[in-house]
Amino acid sequence: MSEETEDEVKKDFIREIIDADLASGKHSEIVTRFPPEPNGYLHIGHAKSICLNFGLSKEYSPARCHLRFDDTNPSKEETEYVESIQEDVRWLGFDWGKNLFFASDYFDQLHGFAVQLIESGHAYVDSLSAEEIRTYRGTLTEPGKPSPHRDRSVEENLDLFARMAKGEFAEGEHVLRAKIDMASPNMNMRDPTLYRIRKESHHRTGNKWCVYPMYDFTHGLSDMLEGVTHSLCTLEFEHHRPLYEWFLKVLKTPCQPRQIEFARLGLTYTVMSKRFLLKLVESGKVNGWDDPRMPTISGIRRRGYTAEAIRRFCHRIGLTKYPGMTDISLLEFSVREHLNEVAPRVMGVLKPLKVVITNYPEDGEEMVDAVNHPGDPEAGKRPVPFSRELYIEQNDFMEDPPRKFFRLGPGREVRFRYAYYVTCQEVIKDDHGTVTELRCTYDPESRGGKSADGRKVKGTIHWVSAKHAVPATVRLIDRLFTVEDPHAADGELEDQLNPDAIEELMDCQLEPSLRGQKVGYQCQFERLGYFCIDPDTTEDGLVINRTIGLRDSWAKQAGKR
RNA sequence: UACCCCGUAGUGUAAUGGUAACACUACUGAUUUUGAUUCAGUCAUUCAAGGUUCGAGUCCUUGCGGGGUAGCCA
């Protein structure tokens, strides 16, 4: 039972670069950063980046990883997101220590850099409309052409930029652009916008600024200001690297962080787009960012995934520049693996079928010992009440069972886990022919689930004593989408949503040890899966999420018929 | 159609010029008081074609295929 799985010496390309930089003496300390924009909740894709950046800061020494909010767009960013992001990173098991930063903390310095660029003739104020700028930029196959304002004097640029900052102009009237190369094959080098006018209140700087820096200008310089050595980002920023380096070069900055790109996480049956997730939340298709169906860190956590499982997953997916699609079964394996190690076992019946043990004393009851964890004797045992009336799972009984069905059927004997051998004597149905109750007998000699005469029973099923049972609502969570790659499917993403991604069972019956357990408590319901107590739980009733089902080779075999 | 990046089992990653390895998935089988867990096994000559070399998944060339890029988003 390993904590954090074995770490082989296999190094990914980024760690190789870092090793080389250390070996060559280029760096003696490793500094990374995780730079989210606070415009939404973090998702499993971010976990990859978090595990990478913060993981590096744990593996190397000296090293540190900064948490820096990339908050340069006041119209999309909110404090709620800043808080949720911090909570999620901490929950994943990482700590930024004192290194909590905001790009907005650098607005003054950034503004100074912009002025420097103007003074050195590397930036100018453009007064074209957004539409015109787009036209002038050219296309992927044709070069752009210079704006008529490209050659304004330094003095005029300085004056205009100062007045932009003071709020003398309306949004869109002017922008500050870098003066690079309108014919570059790299669109990012065709005089990218550095500053735009936004007369909006910023979540941290309030109304201090009327101009806000763009990502490209902000990011690399923020890295530089913080002494970041390796700035790790996803593949779509590859074309931005020349620009990232251009700023550092032109401004002759004392330190030169290196941007390295890796492939973002692609996961089957999942969509990572924050924009789309926000839409799900706002349209009410899910109940908030932490809905257990969501691929957000908070949703996954609420569903019962463990941070350890996510870390193991992030370790297993590797790190390359190949933009692949990871099978979600690898994530599911990682949770099962971890929960199998740590989750105590209990019994709970999701879809109850009443069983009466006719040869058991009317008011009799007794306690049987149940093992808390079969793989861990240290976990001990607990007493579970057994009595004349019990519940079993509806699908553990078949009136006309197929050959390989090991469970209960008319005249069949099975083991009630940790209790007795039980034989079905009579099937009671209602007017519609639905089975409503089973009348059974038990073998008093088989207490504990062992027969005195050594006869074998193939099936073992779980059960709960009716009068001791704790009622609960259980939510079965399934994949959010019906197709492997929702982006590749025809139609809107919404059309690919799995309508059965959540199924609520209102009549579940659990063994009494569940009574009084706290929100967040995780356990395995034997034979069913791993479960977690949901925050919707009240004094009146438990609400429980199924994190993930157990592997089920019977269901698989039955499904093939 | 311009530029950049990427092509190794179904999937994700190893192999750093010397016999293609690991994990997941799937399928067999064994054990099992969870049809779970555990254990054992099966599944690829590395996109293609040329070239360099005693030797190429690895280096070179040319194709082919996939992804990214034309926000005053990040």
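By convention in this document, chain letters (A, B, ...) are assigned in the order of the sequence lines, proteins followed by strands, and residues within each chain are numbered from 1. Values reported hereafter were calculated over all heavy atoms of this structure, with side chains retained and with hydrogens, waters and symmetry mates removed. Predicted, not measured: the structure shown is a model, and the values here were computed from it.
Atom CG of Asn186(A) is separated from atom P of U69(B) by 12 Å (rounded to the nearest Å). Following rounding to the nearest Å, Tyr195(A) (OH) and C73(B) (C1') show an atom-to-atom distance of 16 Å. Per the geometry, CZ belonging to Phe313(A) stands 13 Å off P belonging to U25(B), to the nearest Å. One atom, CZ of Arg264(A), and another, C1' of G12(B), lie 17 Å apart when rounded to the nearest Å. The interatomic distance linking Tyr215(A) (OH) with U69(B) (C1') rounds to 14 Å, in whole Å. One atom, CG of Asp216(A), and another, C1' of U69(B), lie 12 Å apart when rounded to the nearest Å. Distance CZ (Phe102(A)) to P (A74(B)): 16 Å, rounded to an integer number of Å. Going from atom CZ of Phe333(A) over to atom P of G10(B) covers 21 Å, rounded to whole Å.
For U34(B), the OP1/OP2 oxygens have no side-chain nitrogen or oxygen of Arg415(A) closer than 4.0 Å. Contact check, Arg312(A) against C24(B): no side-chain N or O comes under 4.0 Å of OP1 or OP2. For the OP1/OP2 pair of G7(B) and a distance below 4.0 Å, the side-chain nitrogens and oxygens of Lys321(A) include no atom meeting the criterion. Residue Ser184(A) places none of its side-chain N or O atoms closer than 4.0 Å to OP1 or OP2 of C3(B).
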Base versus backbone protein contacts along nucleotides 35-45 of chain B [heavy-atom cut-off under 4.0 Å; B, S, -]: BSS--------
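Summarising the base pairing, G35(B) is matched to no nucleotide, lacking a Watson-Crick or G-U wobble pair whose two defining distances lie under 3.5 Å. Under the Watson-Crick or G-U wobble criterion, with both distances below 3.5 Å, G65(B) is paired with C6(B). In this structure, U28(B) and A40(B) make a Watson-Crick or G-U wobble pair, each of the two defining distances being under 3.5 angstrom.
No contact: Lys274(A) has no heavy atom under 4.0 Å from any strand. Residue Arg417(A) is classed as a base contact, given a heavy-atom separation below 4.0 Å to a base. Residue-level contact check: Leu339(A) touches neither bases nor backbone, having no heavy atom under 4.0 Å from any strand. Residue Thr268(A) is classed as having no contact, given no heavy-atom separation below 4.0 Å to the nucleic acid. In this structure, Phe237(A) reaches the bases: a heavy-atom distance under 4.0 Å links it to at least one base atom across the strands shown. Residue Thr320(A) is in sugar-phosphate contact alone, with no base atom involved, counting any heavy-atom pair closer than 4.0 Å across all strands shown. Within the 4.0 angstrom heavy-atom criterion, only backbone atoms of the sugar-phosphate kind lie near Gly324(A); the bases stay farther away. If you check every strand for non-hydrogen atoms under 4.0 Å, Thr193(A) touches sugar and phosphate atoms only. The residue Tyr322(A) sits close only to the backbone: its heavy atoms come under 4.0 Å of sugar-phosphate atoms, none of a base. Note on Met347(A): nothing from the nucleic acid sits closer than 4.0 angstrom, heavy atoms only. Using a 4.0 Å heavy-atom cutoff across all strands shown, Leu140(A) reaches at least one base atom of the nucleic acid. No contact: His174(A) has no heavy atom under 4.0 Å from any strand.
A glycosidic torsion no more than 90° from 0 defines the syn conformation; G55(B) lies beyond that range and is anti.
Rounded to the nearest 0.5 Å, atoms NE2 (His240(A)) and CD (Gln259(A)) are 8.5 Å apart.
At least one test fails for Arg198(A) against the ring of Tyr212(A): distance under 6.0 Å to the centre or angle within 45° of the axis. A cation-pi geometry, defined here as NZ or CZ lying under 6.0 Å from the six-membered ring centre and within 45° of its normal, holds between Arg204(A) and Phe102(A).
Taking the nucleotide of RNA chain B with the nearest heavy atom to each of Glu526(A) and Val175(A), the more 5' of the two is matched to Glu526(A). Residue Thr326(A) is the one, among Thr326(A) and Ile197(A), whose nearest nucleotide of RNA chain B lies closer to the 5' end (criterion: closest heavy atom).
The residue from Tyr195(A), Phe113(A), Tyr106(A) that alone fulfils the ring pair (Phe, Tyr, Trp, His ring centres under 6.0 Å) condition with Phe217(A) is Tyr195(A).
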Salt bridge (Lys or Arg N to Asp or Glu O under 4.0 Å) between Arg479(A) and Glu332(A): does it pass, once the steps are laid out? CA-CA 11 Å; Arg479(A) 294 165 178 174; Glu332(A) 296 174 341; 3.2 Å; yes
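By the 30° and 60° cut-offs, the orientation of the rings of Trp289(A) relative to Tyr81(A) is perpendicular. Taking the six-membered ring for Trp and thresholds of 30 and 60 degrees, His202(A) and Phe107(A) have ring planes more than 60 degrees apart, a perpendicular arrangement.
Heavy-atom neighbours of Arg382(A) CZ from other residues, nucleotides or ligands within 6.0 Å: above the threshold of 12.
No salt bridge links Lys274(A) with Glu37(A); every basic N to acidic carboxylate O contact stays at or beyond 4.0 Å. The existence of a salt bridge linking Glu226(A) and Arg68(A) is confirmed by a sub-4.0 Å separation between a basic side-chain nitrogen and an acidic carboxylate oxygen.
The same atom, C1', is picked in G17(B) and in U52(B); the two are 11 Å apart, to the nearest Å.
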